[in-house]
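In this text, all values refer to a predicted model and were calculated from it rather than measured experimentally. Below, chains carry the letters A, B, ... as their sequence lines are ordered, and counting in each starts from 1. Computation of the quantities below employed the complete heavy-atom set of this structure, encompassing side-chain atoms and omitting hydrogens, waters and symmetry-equivalent molecules.
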Protein chains: 2
Amino acid sequence: MSLSYAILATLTDLACSGYELAKRFDGSVGHFWSASHQQIYRELNRLEERQWITGEVIPQTGRPDKKCYHLTEMGKVEMAKWIAQPSKSSRTKEEILVKLFAGDLVEPEILLAELRRYHQEHEQQLQIYQQIEQQHFADPEKLSWGAKCQYLTLRQGIRYEIDVIAWCKEALTLLRA
Amino acid sequence: MSLSYAILATLTDLACSGYELAKRFDGSVGHFWSASHQQIYRELNRLEERQWITGEVIPQTGRPDKKCYHLTEMGKVEMAKWIAQPSKSSRTKEEILVKLFAGDLVEPEILLAELRRYHQEHEQQLQIYQQIEQQHFADPEKLSWGAKCQYLTLRQGIRYEIDVIAWCKEALTLLRA
DNA sequence: GCGTCCATGTAATTCGTTACATGATTCG
DNA sequence: CGAATCATGTAACGAATTACATGGACGC
């Protein structure tokens with residue numbers, strides 16, 4: 001259900017094709033939503049049927065034509081309606097926490113190695129986000145209201161990565177003691 | 001797929017029935033995994049077929065009999081195998097971030113109200129986790145290795161809530177400026 | 001020549017949610 | 001007397017994942 005709204009939100013920002021949407025869900029938009037291209041194409045068809053979006057075929061030379069989607073007035077209204085409703089809070093499903101919870105079943109070194117790997121992964125992600133921050137949101141106070149909102153979604157991502165990294169360090173310290 | 005391992009992990013900690021599992025996924029275990037009772041019963045049947053767990057019917061008086069599950073040796077081995085593999089990192093799907101991303105479509109006050117509500121919700125969750133911390137993990141250094149691992153899953157939850165609350169404050173400050 | 005990117009899709013399967021169902025017991 | 005708790009399930013549906021498929025363009 002909310003995948004459709006995630007797509008609408010992404011299209012609000014910038015009209016694009018299914019393929020491009022999939023890449024955005026993989027990249028910068030990915031820290032608050034993700035979806036495979038199969039999900040996206042299916043959902044785009046439904047949204048077009050409901051007339052919340054319209055697709056425009058853009059002929060291209062040297063590569064396949066693409067179908068560029070943008071919101072209709074109806075789509076904007078529906079999106080606004082959804083935003084006004086209280087969100088249901090979603091639980092994260094972190095495999096590493098499941099592994100820790102059953103930590104007694106394996107050798108300590110296995111979990112420590114996994115924690116180090118996890119730490120590294122999030123360190124890299126943090127750097128990616130911080131580059132985006134520096135390049136696009138150097139002076140947050142001066143952004144337009146809509147841009148501030150978008151900046152805050154990135155801030156959430158940055159904060160999350162910093163916090164996960166700190167947790168990894170805490171975990172490694174406690175488990176090595 | 002990983003739901004089965006989440007169940008195995010929970011059973012490692014304490015053998016229990018489907019009903020009790022559902023309650024644990026709703027409570028303390030819930031900050032790293034969640035599942036409905038329908039999912040749990042279906043998965044328990046599959047796990048029993050595969051002989052990763054065995055169920056033992058425990059007659060009770062004054063209430064229905066319950067079927068208590070515990071890991072088999074095979075289950076422990078499979079769990080250990082899974083733990084040794086690198087985890088795939090899961091992306092959170094936070095509706096509030098989708099809403100912010102499309103923030104231009106609604107009146108500022110709607111988003112501010114949602115942020116305040118979100119803030120409140122996480123403040124409450126934090127207090128629940130901190131109570132568990134005080135009651136069960138007063139002196140982390142003195143815990144057994146397995147208990148330290150479990151404590152760290154709670155720590156992740158506590159850290160997350162603190163961070164989300166700080167982010168809410170940052171967001172409200174930026175958007176009101 | 002091989003892999004990757006562009007661009008879109010179908011099919012099969014598993015996972016997750018919603019609704020419905022039973023039946024006894026305890027609490028107010 | 002009604003509601004909630006204990007305990008377990010089935011059925012139907014919708015969402016997500018995985019695998020498979022096409023076919024030209026471009027770089028090494």
Legend entry - Pairing of A/Glu49 and A/Arg46 as salt bridge, 4.0 angstrom limit: no

Legend entry - D/dA7 OP1/OP2 closer than 4.0 Å to side-chain N/O of B/Lys23: no

Inset, instruction - Output yes when at least one side-chain N/O atom of B/Gln60 is less than 4.0 Å from OP1 or OP2 of D/dA7, else no. - result: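 Answer is yes, contact under 4.0 Å.
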
Inset, instruction - Using heavy atoms to find the nearest nucleotide of DNA chain D for A/Trp33 and A/Arg63 separately, return the residue whose nucleotide is more 5′. - result: A/Trp33

Legend entry - B/Lys93 or B/Ser17, whichever maps to the more 5' nucleotide of DNA chain D: B/Ser17

Inset, instruction - Could you tell me whether a side-chain N or O of B/Arg117 sits under 3.5 Å from a main-chain N or O of A/Ser87, the two making a donor and an acceptor? - result: yes

Inset, instruction - Answer yes or no: is there a donor N or O on one side and an acceptor on the other, between the side chain of B/Asp163 and the main chain of A/Asp163, under 3.5 Å? - result: no

Tell me: [atom1] of [X] to [atom2] of [N], nearest whole Å?
X	N	atom1	atom2	answer
A/Ile7	D/dA15	CD1	C1'	12 Å
A/Asn45	C/dA7	CG	C1'	14 Å
A/Leu44	C/dT10	CG	P	13 Å
A/Glu43	D/dA16	CD	P	8 Å
B/Lys66	D/dT5	NZ	C1'	14 Å
B/Ile40	C/dT14	CD1	P	20 Å
A/Ile58	C/dC6	CD1	C1'	14 Å
B/Glu56	D/dA7	CD	C1'	16 Å

Selected nucleotide, minimal atom distance to [X] side chain, candidates [options]:
X	options	answer
B/Gln39	C/dG16, D/dA16, C/dT8	C/dG16
A/Tyr41	C/dT17, C/dG9, D/dA7	C/dG9
B/Gln38	C/dC20, D/dT18, D/dT8	C/dC20
A/Tyr19	D/dT17, C/dC5, D/dA16	C/dC5

Legend entry - First of B/Arg42 and A/His37 reached from the 5' end of DNA chain C, by closest nucleotide: A/His37

Inset, instruction - Report yes or no: do B/Ser2 and A/Lys93 form a side-chain donor-acceptor pair below 3.5 Å? - result: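 Per modelled atom types, B/Ser2 and A/Lys93 side chains form no pair under 3.5 Å.
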
Inset, instruction - Can you establish whether the number of heavy atoms outside B/Gln51 located under 6.0 Å from its atom CD is more than 12? - result: no

